[in-house]
Each structure stands twice: as C-alpha cells, then as structure tokens.
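Naming: A, B, ... by sequence-line order, numbering from 1 per chain. Any value given below was found using the heavy atoms of this structure, including those in side chains, with hydrogens, waters and symmetry copies removed.
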Number of protein chains: 2
Amino acid sequence: MVPLQMKTADPELMRAINRFHVMDAIRRFGPISRVEISDRTQLSATTVSAITGALLDDQLIITHQLGGIRDAARGRPRVMLELNPAAAYVVGVKLALDQITVATTNFRADLLSSLVLPIRLQRQPVSVIADLVEDGIRRSIADAGLTIEQVSGVCVGLPGVVERIAGVCRASPIFGERDVPFAAELTTRLSGVAATIDSDVNLVTLAEHWFGEARGLDDFLVISVELGLGLGIMHNGELFRGANGLSPDLGDLMVRPPNGNGSTRLAEAASEASILAEAQEILAGGEHAHAFRLGRGMEKILQLAAGGEPRILDLLERAGGSLGFAIANLITLFAPPKVILAGAALEAGEALVGPIRRTVAELLPPSLADVSEIVVHHWSDDIWARGAAAMTLRDLYGAPWNTTGPVVHR
Amino acid sequence: MVPLQMKTADPELMRAINRFHVMDAIRRFGPISRVEISDRTQLSATTVSAITGALLDDQLIITHQLGGIRDAARGRPRVMLELNPAAAYVVGVKLALDQITVATTNFRADLLSSLVLPIRLQRQPVSVIADLVEDGIRRSIADAGLTIEQVSGVCVGLPGVVERIAGVCRASPIFGERDVPFAAELTTRLSGVAATIDSDVNLVTLAEHWFGEARGLDDFLVISVELGLGLGIMHNGELFRGANGLSPDLGDLMVRPPNGNGSTRLAEAASEASILAEAQEILAGGEHAHAFRLGRGMEKILQLAAGGEPRILDLLERAGGSLGFAIANLITLFAPPKVILAGAALEAGEALVGPIRRTVAELLPPSLADVSEIVVHHWSDDIWARGAAAMTLRDLYGAPWNTTGPVVHR
DNA sequence: AGATTTAATCCGCATTGTTTATTAAACAAG
DNA sequence: CTTGTTTAATAAACAATGCGGATTAAATCT
C-alpha cells in the first residue's frame, strides 16, 4: 500500500507498479519464495513468475542457494529469491555543521564502507563544500573496493529547507547562500553520476522505515534534535514533503517556552545549538568553560545532568517543555502511532525526555491521549548516510510514483 | 495528478484509473469534446472514445446539444460531452451546534434544494439528532422532487474528530458521547441509502477545490472559524486525513496568546464560541447584553467592531494573534500556496484579519515569507452541504483510490 | 460536386494479468 | 528402484486494455 503520484494508466505503468511491489516484497522479506511473494502482493503466481524472471534476467535479484526452510516436508522445494547485492552501488552523504559522513552501500543497503570527515562546514563557500563532499565520496567508493563507474547514484542529506526535485537547497545553516543548486554542483564533479539532495531528516525517516524502529509502520514522525531541529513525516508509507516538495523545518515552528512570556522559534528554545549556547552562558567562566571551546560542550552537559547540576537540569527542563509543546501540536495534526526522537541531546535521557513526555501528556487533547507512542532512538553516525543510500535505492527499485528518479531496467 | 492508494495493478484497475481521469476532465471542463479530453489526460483518442462510449452507455454522461464553439472553422464539429445531471442524486448535510443544513444536488453538484433547521443540537441524544437529520434529508429530497430511491448517497459533515472510513465520530461538540457510529445510525434510518460522515472542514475543503476559491489548486489549507475551529488540508490534490483517517481539529492546537503568559488551546482563544463568551463578559450588564441572549451575539460584535468599540477591537486583536500563531506554524509545516479563511467571525473584516496577517508575517521564517497567500472567503450556508454532496459524488465518479466508496459502473 | 479539414471510430497489434492445465522437483511407500 | 503424492513453478489459452495507423463521418471551402 503505497500512494502513487497518478499518471494515466497503460500496460507499462501496470507492469512498473507490479514490479515495484515484487521488488518491495523481496527487499522487505527476502530471501523469499515466489509463492510467498504471490501471497503477500496478491498477484497471481504466474505474474510473479514472469516478473521475477525478468528481474533475474536483469540481475537485479538472485536465487538464494542452500534452499530455504521447507514450509512442508513434502513437495517441490521453494526457490528463495533475494536482492542481488551487486546489482548496484550507491553512496549516501550526510552534511552536518561540524562533519561530513559518507557511506557506500550495495543494492541491499548493506554498508560497504563509511567515513567521517570532522570538518566545520559553516561559512565555507559552496564550491569548497562540494569539493570536500566529492573527495569524501571518491574515498568511500575506493574504500568499498569500487570504482566510480560502478556507482548508480549519490544522495546527499543536509539540514534546512531542500527542494529535492529541483535539486536545490533553499536554505540551510550549512550554506551562507540561498537557493544553492547543490545536486547539479555535485553531479558535474562526479563525472555525471546522478546526485540528488534531500532534507537530512527525510533520509533518516526513510531509514527508520526500511530498517529501523518503524519497520512496517506506514505512519510516524521523526524528530531529530541535532545542532538544528528536523522533522520527518511518514504518511501512508510515503514521505510527506510539503506542498512544493519542500521539507518542513521543525526549528521554524513557534513555541511557547514554559513559564515564559511571548514565544520563540523552536530552534532558539530546544536545538542542540541553543542548549549549548545557554549552558555556556550559565557555566561561563567556570571550570567547565574550556570543554565548550573544545567542541565537547554536549558531553559536558550530559555529564553535569547526570550529576544532577540544578541549572543544567532546569535548562533541559525548559528545552523539553518547548519540544513537548511542538510535539503535542504535531500529534494533534498527524495523529501518528509513533513518534521517534533522536539526537545527541537526547542522550541526556530522562532529564530531557521526561519534560517532553510530561508536556506532551499535559497538552494533548484527551481524544488523542493514547494514540502516539513516543520512543527515543539512538542513531549511529552512518544511519543517516545509509538512509541517503536507501533513498537512491528506492529510485532504482523503480517506484513508478515520484517521477523524480530514473528507473533501472534492462 | 492525484495520489492513489496503491493496489496491485490489473487491467481493471488500469481502466478504472483512466475512466476516472476522463470523468474528472468532464466534470472540471465540461462541456468538453473528446479531443480535448485526449489532450488534457494524455490518453489516446481511441481510449477516450472507448471510455466515453461506455460512460454514454451507462448514462453517466450525455452529449451536449447545440454544438460547441468551433475551434477551427472547418472540419467535422466536435461533439461536446458533459455529466448527465440525472445520473445520480446525492444529499449533503452539515451539522453545526445551532443548526442543520441539508442540500440535495444532482450528479453535477448543482443545488436542487436546500433547507436550514435552526435547532440547537448540543446535548441532544444521538438518536434525536439522527431523527432530525433524517427528517431534514427526507424533506430536502421531496423538495427536490425526488424520491429516496433515486438518491445514491448521503454525506454528513460535522465538527470534531471524525473517522470517515469507519463511519464513526470520535469526538464532537455536537455529541455528548464519544465514538458515535453515526453513519450506520443514519443508513439504517434511510432505508439503506449509504450514508457517510466526514469532518465538516474536509467537506468545505473539497468544495473549495471543486468549485470555490481553490479550483485547480492542488495544495491549500482551509481554516474555518465557526463556533469551533476547523482545519482542512489539501495536499497533492487529495484531502489529508491524519494517520488513521482521523481529521485534525485545529481547536486542539496549542497557541501562545499574545502578551499573555503560558499557552492555551486555540479553541479557547479564537473560536467563535470563545469570542462570544469573552465579549459577553466585557459587555456584561450593558445595553447589549440581551442581544447575546437572543443568539445574535456575533452580529452585535461585528457592529461594535465596525463602530470602533475599543474593548471589542482589543478582543479581536488577541483572537487574531492566536490564529496567526497557529497559521504561521501550519504554513511552516505545509508551505501551501494558499490559505483560505472563513467563518462568521471573519465578517469582522480587518479588525480580525489584520492581526492575523500581521502575526503571520511576524512569525513566519524569512524563507517562507511569501509562499502563502492568505485569503478570506465568505461561504453561503449551503456551500458546506454542497461540499458534502461533492464528497459522495467523488465516490460515484469511481476514483480507484480511496477504497472507501462503492464504484458505480454498469 | 469535389477537395479539404478535423473529429471520431475501426482494426490489428503488443502488452498485461488471470485461470487452467502441465511440468518439475522433492519425499514417501511399496 | 519404481511408483505415487505433494508442492512449486511454468506454459498455454484467454480476456481486457491502450496504442498507432487506416478509415469513416461531418462539416466547410473552392
């Protein structure tokens, strides 16, 4: 069940739709037999045979040797099918203010290599950033034992407002400029390997959907508390992208700070950046000051929170209240069964998550009191990049909706 | 371009999709010739001929006599096609706290009859409300010169949280109870005529899309300020319904009241109900008091606002600020090209709309400063009911997505 | 009256999915 | 070892669809 950007229907579209369903079943449940695909997709066995036949011809899938577990003891054994890991390779990139993460995966989204470049990108001109990203990509490809010709696509995730289809970053804390055509910038550098860009949260949202906390869930929200704040929306199994393919930026939401007057942007109340800034002020001149100068501010904060430092606890309490305010409103709007929170700041544990939960519980209307489960998910660095890879793979799988990506067949 | 709840594709679905596109083109642009349908849908002339042939057989469309305007002076004239008004009849109902509006339309959503029952529904038991609605429907059908057997469907719009697919109203100011299975309640009363329910704002949102301010716009928001507050979201040409087909209730959003501490639910800050209550308090004991007792409170308020009564202007200023806060956040999330405001309170004009615009402008992030046009639309009473009728017609047209409705064919 | 132009339809074809039969590949029983 | 049974996978026949090219229909122009 996937929403489709509607075109007029012809036999080709029909085949594309069904091929995608088969591919999706194999990705999600492989190794899987033809009969089971037939069960799951509601397609006839004949059709599944035809489609898997074509996929085998195209080397997009392979038969799994050493036959699967027999369902029944008798009868012809099922031939298990799975994605051909070598069918394609993709690279995912995650840009953050303080580092670049790059990951190369195969067609199954298995990590082949990953690397982190701890570089402060802020204020660098676009061309310099593109150069750095290019270097990282080329290095990661080499680390994976591949050449760039073998790579089918690259996807870059970055914070801010991104128009994926146009390949333009409308606004990002990373770029000084507006409307940066970063996808084109990269594609030319990479000898024509297709590069796309997307909001970083969208990537991690897809990652959660494919191989994370939300596998099999078609509706959920992801809220990332990094240096900036991000919101990813999965609705009916598809990423929700705002009206023009823009990605909503959670930091731009207005919230009411608890016990305060007026209102502020959420980014100023509860982002990692704002927490750091405020903590630095609180602890100014103290023994901890130099930790901040070394970029270890968040670690220090977590340490002090664990130690029960009251001013830090109060700070986290207020940040949590603001986040809770925003989350309560989001639940009111989307009524998602699950809300996934993540980010370095959440390592603070109950000191931050407690206030969030309490505020949400307090502000939610009674009718929505129990619809949403709020969970905290700790991501490893390369989950982001793996999500970027997944985004590219989704195109390669040939989803007939989202006219964005080229379809690989034949 | 319409999102589709994906099924596995077979020839039947293919035809259903294309038939819907043809029907949609005829509805939107009819009277329209086959060639123009072919142009607009990108379907081949042959296919259009085949589909329109079937539709003519089924009497869903008719040929428009007195040939249309010739595109070119020469050649065989085009035969214009249009919906057959008599193909089906539907009834739309709008429940508000103080009145029931009923409208009967034909297959083209032309109004055949409409009536208003000014009855306070609040606190009435469900069965009484259902009785009243039944009476209204039967009367409206009779007024239209029809019998109930000729009616293909009924749709009821009501404020609150509605689960359309289940036909259950989860919560509404109209019902004392929760989880009212109102659709079933009505269907049994109406000798089996299929009744559905939906959020009232969704209906008016569809109405705006079909024949209102947002014709041809695939992304916009509708915010209705009635006794309660409603939010309708059109995204990619489809109504957005929250995760479980629930409809978001704008009144449940939390906002910051300007110049105030803490936060409140928007319903308590800017609904017609809250405005009335506060005005009544302000004017308590004064010469205007009895107007409120007569249910003419809003008229009085508008009058005083026009006259420049400072306490009323201040009240509207604050309500507008709260609405602006919520709207700014919604624009941040959805980035819709258009936001449509409506409701009795908006008759106050600039006294309310001014603060809304100012607050939105103040709170929107710069990157989204100019994406949304905010317009005020004054609805006549039966627009709502006509929207309800349109909702039923959409099912009859046979949209292959939204498995909800039965498809009429053959 | 015949030529011209445009609309609509007819015919043949390729593609698709489905149903029904057939073959393939295993195990079980004699 | 052969034969029967069971399940998986494929093949053959069939019906529905959309499309392109040829054909017919219905008007105007010369």
Partners meeting salt bridge (charged side-chain N to carboxylate O under 4.0 Å, His left out) with A:Arg40 (sequence neighbours left out)
A:Glu36
B:Ile37 CD1 to C:dT6 C1', straight-line distance once rounded to whole Å
17 Å
Testing D:dT17, C:dT18, D:dA9 for proximity to the side chain of A:Pro11, the answer is D:dT17
Centroid-to-centroid, B:Phe334 to B:Phe220, below 6.0 Å?
no
Check the distance between C:dT4's C1' and B:Arg76's CZ and give it to me in whole angstrom.
15 Å
Protein-nucleotide distance (A:Glu12, atom CD; D:dG18, atom P), rounded to Å:
14 Å
Please figure out whether B:Ile51 or A:Ala45 has its closest DNA chain D nucleotide nearer the 5' end.
A:Ala45
Does a side-chain N or O of B:Thr47 approach OP1 or OP2 of D:dC19 to a distance below 4.0 Å, or not?
yes
Shortest non-hydrogen pair, A:Arg164 vs A:Asp395, comes out as NH2-OD2, 3.1 Å
Roughly how bent is the helix from C:dA1-D:dT30 to C:dG30-D:dC1 end to end, in steps of 10 degrees, with each end axis from five pairs?
30°
Can you name the residues that form a salt bridge (charged side-chain N to carboxylate O under 4.0 Å, His left out) with A:Asp110, not counting sequence neighbours?
A:Arg108
Spacing of B:Met80 atom CE relative to C:dA7 atom P, expressed in whole Å
11 Å
Check the distance between D:dG18's P and A:Ile17's CD1 and give it to me in whole angstrom.
13 Å
Taken to the nearest whole Å, CZ/B:Arg34 to P/D:dA26 is 12 Å
May I have the distance from A:Leu13 (atom CG) to C:dA14 (atom C1'), rounded to whole angstrom?
17 Å
How would you label the contact of B:Ala9 with the nucleic acid (heavy atoms, under 4.0 Å): base, sugar-phosphate, or nothing?
sugar-phosphate
Sub-3.5 Å donor-acceptor pair from the side chain of B:Asn236 to the main-chain atoms of B:Glu238, do we have one?
no
Taking atom types as modelled and ignoring hydrogens, do the side chains of A:Asp218 and A:His235 form a donor-acceptor contact shorter than 3.5 angstrom?
no
Please classify the nucleic acid contact of B:Val48 as base, sugar-phosphate, or nothing, using heavy-atom distances under 4.0 Å.
nothing
Specify the separation, in whole Å, of atom CG of B:Asn18 and atom P of D:dA16.
17 Å
Strictly by modelled atom types, are A:Thr47 and A:Ser44 linked by a side-chain donor-acceptor pair under 3.5 Å?
yes
By nearest-nucleotide position on DNA chain C, the 5'-leaning member of A:Thr46 and A:Arg15 is A:Arg15
Contact under 4.0 Å: B:Arg74 side-chain N or O vs C:dT6 OP1/OP2
no
Nearest to the side chain of B:Asp10, heavy atoms from C-beta on, is which of C:dG17, C:dA26, C:dA8?
C:dG17
